[in-house]
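Below is one structure, written out as structure tokens; comments come after it.
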Amino acid sequence: MSSVRRLLSPRTAAAFCALGTSALLLTACAGAETTRADVAAAAPTSPSAGTASPTGATTSPSGTATGPSATSTSLTDDRAEREALVPKAKVTWDKAADTAVKEVSGGKLTEIELTRASGENASPTGSPTGSPTETGAAPTPSAGSPVWAAEVAASDGTVHEVHVDAVTGKVFRSRTDSDQSADDKSEIADRLSRADRTPEQAAKVATDKTDGTVTAVKLDENDDQRLVWMVDVVTTGDWNKTTYAVDAGNGKILGEDVDRD
């Protein structure tokens, strides 16, 4: 037998070549798409420029915060308390002190401080110490209201605790301190006899140095056993408290401490 060998025409060969080339291109393209997808999945994400951070600041492409600071300054607890309490007091310390002193015959102020009404100083009866005076007493202020807690000593050194409403200026509690010993009374009487400067004079010395609101005045002795009036002055701009030790004899400032806490 004889075999016949057929050859492809040039046009048919060209068609086969074209089909083969297309198949190779499709395979290459599919491989490229797979590579790009793999790279995209593996690449870490990064915040885009202008994205706001949790603190309100924006982040630049380099990671530097722009705009408002991430940390904002705020008042400490004590300064926030002063900011909340001091403006509520409509009666100044000296007016409250004058009212308190009138509650005690021949009395002199030894201490006064702006504080808040609590369960204790809103309840004149049933106190574990002293004998509260209720006759003609004003209504007790609600808990948290500003009050002036004063201590007034009689000529023999007996201390009377007198609380004055810092809004109305009325006395709502007055009692003697029955826990005082004879030595305690003698010491108080001696201090008052040696105090040539009044609490009002000491407060003026302090406020001449620092313009602010007087929130406390107390007759005491410093570390050098010098008799002093301790005067607290609160500045309403930053709500810091400056305590001055004013010599109760000559009125000179012996010490100064600023409380920024």
Side-chain angles (χ1 to χ4, degrees), residues 85 89 91-138 140-141 145-166 168-203 206 214-233 243-249 251 254:
L85 178 62
V91 178
T92 58
W93 81 271
D94 52 332
K95 297 295 184 182
D98 184 61
T99 299
V101 167
K102 290 178 180 178
E103 288 290 304
V104 181
S105 178
K108 291 184 179 181
L109 183 76
T110 62
E111 181 179 354
I112 190 168
E113 180 181 10
L114 181 64
T115 185
R116 289 186 182 275
S118 64
E120 179 184 354
N121 51 28
S123 302
T125 59
S127 175
T129 61
S131 303
T133 300
E134 299 180 62
T135 304
T140 59
S145 299
V147 298
W148 288 104
E151 292 190 0
V152 180
S155 57
D156 66 349
T158 300
V159 171
H160 297 250
E161 297 175 358
V162 184
H163 290 185
V164 180
D165 190 317
T168 66
K170 303 294 185 181
V171 174
F172 65 90
R173 189 180 77 170
S174 179
R175 67 179 184 182
T176 57
D177 184 0
S178 61
D179 287 343
Q180 274 189 292
S181 65
D183 289 340
D184 293 335
K185 295 180 181 181
S186 177
E187 181 180 3
I188 293 295
D190 176 66
R191 285 183 178 180
L192 288 171
S193 67
R194 293 188 290 118
D196 295 330
R197 294 293 187 273
T198 66
E200 291 80 8
Q201 290 173 325
V214 174
T215 59
V217 180
K218 180 180 181 180
L219 186 62
D220 204 352
E221 290 185 349
N222 64 8
D223 294 337
D224 298 326
Q225 304 302 309
R226 298 283 295 273
L227 188 64
V228 295
W229 286 105
M230 305 297 294
V231 183
D232 290 346
V233 181
T243 301
Y244 289 98
V246 181
D247 194 308
L254 302 181

Throw together a table of side-chain donor-acceptor distances under 3.5 angstrom for residues 146-157, partners on residues two or more places apart or in other chains.
from, atom 1, to, atom 2, distance (Å)
W148, NE1, V91, O, 2.8
D156, OD1, T158, N, 3.0
D156, OD1, T158, OG1, 3.0
D156, OD2, T158, OG1, 3.1

>> Run Q180 and I188 through side chain to side chain contact (heavy atoms under 4.5 Å, CB included) and show every step you take.
In response: CA-CA 10 Å; Q180 274 189 292; I188 293 295; 4.2 Å; yes

>> Apply side chain to side chain contact (heavy atoms under 4.5 Å, CB included) to residues R173 and V162 and explain how you reach the verdict.
In response: CA-CA 6 Å; R173 189 180 77 170; V162 184; over 6 Å; no

> So T176 and V159, side chain to side chain contact (heavy atoms under 4.5 Å, CB included) or not? Walk me through it.
Replying inline: CA-CA 6 Å; T176 57; V159 171; over 6 Å; no

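In terms of heavy atoms, A203 sits closest to V214 at CB-CG2, 4.3 Å. The two residues A206 and V233 make their nearest non-hydrogen contact at CB-CG2, 3.9 Å. Here the closest heavy-atom approach between residue V246 and residue A202 is recorded as CG2-O, 3.9 Å. Closest of all the heavy-atom pairs between A138 and F172 is O-CB, 3.5 Å. For the residue pair I112 and W93, the shortest heavy atom distance occurs at CD1-O, 3.7 Å.
Every residue was checked against the salt bridge (charged side-chain N to carboxylate O under 4.0 Å, His left out) condition with K95, not counting sequence neighbours, and none meets it.
Interatomic distance, CG of L219 versus OG1 of T110, reported as 7.0 Å (0.5 Å rounding). Here R226 contributes atom CZ and R194 contributes atom CZ; the two are 10.5 Å apart, rounded to the nearest 0.5 Å. Taking CD of E161 as the reference point, atom OG of S174 lies at 9.0 Å (rounded to 0.5 Å). Atom CD of E103 and atom CG of D98 lie 11.0 Å apart (nearest 0.5 Å). With values rounded to the nearest 0.5 angstrom, L114 atom CG is found 11.0 Å from T92 atom OG1. Taking CD of E187 as the start and OG of S181 as the end, the distance is 9.0 Å to the nearest 0.5 Å.
Residues T99 and V171 are in side-chain contact: their nearest non-hydrogen atoms beyond the backbone lie under 4.5 Å apart. E221 has its side chain within reach of R191: a pair of non-hydrogen atoms, C-beta onward, lies under 4.5 Å apart. Counting heavy atoms from C-beta on, the side chains of L85 and R116 come closer than 4.5 Å.
Between the side chain of W229 and the backbone N or O of R197 there is at least one donor-acceptor pair closer than 3.5 Å. Although no hydrogens or angles enter the test, the distance criterion places a donor-acceptor pair under 3.5 Å between the side chain of T168 and the main chain of K170.
Side-chain contact annotation: T215 with D232, donor-acceptor N/O pair under 3.5 Å absent.
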